[in-house]
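Report on the structure given below.
None of the values given here were measured: they were computed from a predicted structure.
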Amino acid sequence: MPSLSVEQIYTSCLAQGSYYIVSNNEAIIIDPIREAKPYLDRLAKDGVKLKYILETHFHADFVSGHLDLSKLTGAPIIYGPEAHTEFDFIQGKDGEFFKFGNCSFKLIHTPGHTLESSVYLLFDENGKEYSLFTGDTLFIGDVGRPDLAQFNSNYSQEDLAGMLYDSLRNKIINLPSNIIIYPGHGAGSACGKSISKETISTLGIQLETNYALRKNMTREEFILEVLDGLINPPDYFRMNVAINKSEYTQLDDLLLSSNHPLDLSEFETLSNNPEILILDSRDPTLFFTQYIPGSLSIGLDGDFAPWAGSIISNVNQQIILICDEGKEEETIIRLSRVGFDKVIGYLKGGIHTWNIANKPTEHIFRITANQFAESTLFKNAQIFDVRKESEFQKGHLVGALNLPLANIHKWSDEINEINPFVIHCATGYRSMIASSILKAKGIYNFVEIEGGYKAISKTQITIKN
């Protein structure tokens with residue numbers, strides 16, 4: 001093993017990067033996701049000891065694995081100044097150095113995204129600046145949104161954006177331009193508005209290409225630009241911040257209570273309780289053909305956890321699952337990543353059990369893009385495009401209304417239940433989530449387009465760019 005090894009462990013579902021760094025016989029882990037086992041397996045394989053668990057800030061979009069890792073390895077947790085928790089941790093000082101193996105890292109306090117936000121500057125065995133782990137302070141092509149710390153402070157988003165400007169200008173841009181930037185998130189994360197698909201860069205490249213690091217940019221210009229176009233954060237963000245500050249349930253204990261097969265009778269009894277949500281994690285191409293009435297569709301093979309957080313919102317919601325066989329534990333773990341710890345169990349045998357008992361099912365009226373293009377019945381129907389506004393602005397169907405999925409609980413209550421409409425997203429994943437919600441609310445007068453905008457744009461239907 002080389003004297004210094006840095007590995008980015010990227011979780012696509014969360015668009016999140018955690019980091020596993022080894023020097024000599026010691027390791028540090030930065031911003032771990034909730035399940036500890038992959039990290040423990042790696043430590044065992046490499047035969048190294050975990051010395052520190054570093055947190056760049058209190059995460060809002062996922063539940064960190066810092067507590068489980070600390071309990072299972074004995075490694076202390078480090079946060080920056082202004083952090084306050086219900087558990088023991090090391091509160092690092094701005095500019096403080098920590099040694100591990102033959103290397104060291106320096107904690108640099110960079111408030112703005114949150115008050116405790118800090119970045120970690122890694123020095124190699126020769127004492128040379130090597131890389132910077134920027135958390136949500138600096139992304140590739142973007143910076144962290146500065147409105148989340150309003151959850152627990154008296155500062156306005158303008159105050160926080162000003163702090164972020166100062167942190168970037170005073171603490172980061174004067175570092176060596178060749179250091180590697182390792183951010184906390186990539187494209188798709190709601191923690192920034194225009195994050196690049198790239199997940200690694202150098203400071204020099206960012207100084208040339210990142211709008212927020214533009215030369216001669218004034219504080220006032222930065223505040224206006226970084227706040228422009230921000231959409232409201234999902235409700236579960238606030239709850240995840242609270243979880244990350246508290247003594248939450250260990251994942252192994254959670255699996256013991258949640259990974260529980262329910263027979264048909266148990267499942268039916270629970271499903272008849274209006275306080276309990278039926279979540280179907282099967283692929284949308286299976287869900288639309290038949291599903292248990294009232295179920296919410298969020299396919300596991302997609303941005304499952306973020307959409308669960310955005311749509312369900314309340315992390316205390318009790319949930320029962322319909323899964324593909326063998327996917328039950330994965331579904332529970334991925335829900336736990338965003339704080340949903342109230343899974344009661346899953347229907348043993350899944351939808352097959354429901355079918356062989358001749359229980360009633362529903363379906364979504366789905367047509368192909370070509371059928372839609374050739375249709376006369378729905379030629380004059382209203383078109384609902386549930387993609388994000390930024391996607392809609394890049395191209396959409398003439399006459400379409402942009403009703404983002406994230407806001408469905410608001411706009412679905414205003415739908416005219418007489419006039420038929422058509423619904424689509426980019427590829428069909430989000431429109432199936434929307435369709436399941438609409439059907440559960442008793443709205444049936446619509447069709448959903450298979451393949452979404454991507455498929456529609458290949459037909460003769462007029463597109464507005």
Side-chain angles (χ1 to χ4, degrees), residues 234-236 264 267-299 302 304 307-314 316-323 340 342 344 346-347 350-351 354-355 357-367 371-372 375 377-387 399-425 428-450 452:
D235 290 342
Y236 80 99
L264 183 61
F267 183 88
E268 276 196 292
T269 299
L270 292 168
S271 66
N272 288 329
N273 184 339
E275 301 298 318
I276 296 175
L277 174 71
I278 307 172
L279 176 59
D280 191 322
S281 67
R282 294 176 301 143
D283 190 281
T285 60
L286 296 175
F287 180 88
F288 93 91
T289 62
Q290 59 173 194
Y291 66 91
I292 296 173
S295 300
L296 169 64
S297 169
I298 307 180
F304 173 76
W307 278 119
S310 296
I311 297 300
I312 304 172
S313 296
N314 184 359
N316 294 311
Q317 172 68 58
Q318 290 185 299
I319 299 170
I320 51 177
L321 299 172
I322 300 294
C323 307
F340 289 86
K342 303 293 185 183
I344 300 170
Y346 60 88
L347 178 59
I351 195 72
W354 191 262
N355 286 334
N358 293 317
K359 297 295 180 179
T361 61
E362 291 191 10
H363 70 281
I364 303 297
F365 187 9
R366 165 177 268 196
I367 60 175
Q371 287 173 325
F372 174 60
S375 171
L377 177 61
F378 294 102
K379 185 171 289 186
N380 298 315
Q382 180 64 67
I383 302 168
F384 292 167
D385 184 332
V386 300
R387 295 177 298 158
L401 286 179
N402 185 211
L403 299 174
L405 174 60
N407 301 330
I408 190 169
H409 292 305
K410 295 179 181 178
W411 60 256
S412 60
D413 291 333
E414 301 171 1
I415 290 177
N416 183 321
E417 295 188 22
I418 298 175
N419 298 326
F421 61 92
V422 174
I423 188 168
H424 77 83
C425 62
Y429 181 85
R430 285 172 285 178
S431 56
M432 191 56 63
I433 298 174
S435 297
S436 69
I437 293 170
L438 295 173
K439 289 289 290 286
K441 290 189 171 188
I443 300 169
Y444 296 87
N445 57 324
F446 68 93
V447 296
E448 186 262 353
I449 309 300
E450 180 181 1

Stepwise side chain to side chain contact (heavy atoms under 4.5 Å, CB included) check, Asn314 with Phe340: CA-CA 8 Å; Asn314 184 359; Phe340 289 86; 5.8 Å; no
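- Ile433 places none of its side-chain heavy atoms less than 4.5 Å from the side chain of Val386.
- Not one N or O on the side chain of Asn445 forms a donor-acceptor pair closer than 3.5 Å with the backbone of Phe421.
- Using a distance-only test at 3.5 Å, with no hydrogens or angles considered, no donor-acceptor pair links the side chain of Lys439 to the main chain of Ser295.
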message: What verdict does the side chain to side chain contact (heavy atoms under 4.5 Å, CB included) test give for Ile364 and Tyr291, after you've listed the backbone C-alpha separation in whole Å, the side-chain angles of each residue and the deciding distance to 0.1 Å?
response: CA-CA 9 Å; Ile364 303 297; Tyr291 66 91; 3.9 Å; yes
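- Between the side chain of Asn402 and the backbone N or O of Asp385 there is at least one donor-acceptor pair closer than 3.5 Å.
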task: Kindly determine whether Asp413 and Lys441 satisfy side chain to side chain contact (heavy atoms under 4.5 Å, CB included), including the steps that lead there.
output: CA-CA 9 Å; Asp413 291 333; Lys441 290 189 171 188; 3.4 Å; yes
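- Residues Leu270 and Gln318 fail the side-chain proximity criterion, which asks for heavy atoms closer than 4.5 Å.
- Counting only distance, with no hydrogens or angles, the side chain of Gln317 and the backbone of Glu275 share a donor-acceptor pair below 3.5 Å.
- Rounding to the nearest 0.5 Å places CG of Asp280 at 10.0 Å from CD of Gln290.
- Judged purely by atom type and a 3.5 angstrom limit, Trp354 uses its side chain to pair as donor or acceptor with the backbone of Pro360.
- Between the CD atom of Glu448 and the NE2 atom of His424 there is a distance of 10.5 Å, given to the nearest 0.5 Å.
- Listed here is the closest heavy atom pair of Gly299 and Pro284: CA-CD, 4.4 Å.
- Residues Trp307 and Leu405 form a side-chain contact, since some pair of their non-hydrogen atoms from C-beta on lies under 4.5 Å apart.
- Not a single donor-acceptor pair under 3.5 Å links the side chain of Gln371 to the backbone N or O of Ile449.
- Once rounded to the nearest 0.5 Å, the distance linking CD1 of Ile437 with CG of Leu296 reads 5.5 Å.
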- request: Determine, stepwise, if the pair Ile278 / Ile276 fulfils side chain to side chain contact (heavy atoms under 4.5 Å, CB included).
  value: CA-CA 7 Å; Ile278 307 172; Ile276 296 175; 5.9 Å; no
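- Looking only at side-chain heavy atoms (C-beta outward), Ile292 and Ile351 come within less than 4.5 Å of each other.
- Considering all non-hydrogen atoms of both residues, Phe384 and Trp411 come closest at CD1-CZ3, 4.3 Å.
- Rounded to the nearest 0.5 angstrom, Ile344 CD1 and Asn273 CG are separated by 7.5 Å.
- Shortest non-hydrogen contact noted between Ser412 and Ile443 is O-CD1, 3.6 Å.
- Annotation: side chain of Ile322 is not in contact with side chain of Phe287 (no heavy-atom distance under 4.5 Å).
- At least one donor-acceptor pair under 3.5 Å links the side chain of Ser271 to the backbone N or O of Glu268.
- Taken from OG in Ser431 to CZ in Phe288, the straight-line distance is 11.0 Å, to the nearest 0.5 Å.
- Contact detail for Ser435 and Phe446: the closest heavy-atom pair is OG-CE1, 3.4 Å.
- Rounding to the nearest 0.5 Å places CD1 of Ile423 at 6.0 Å from CD1 of Ile408.
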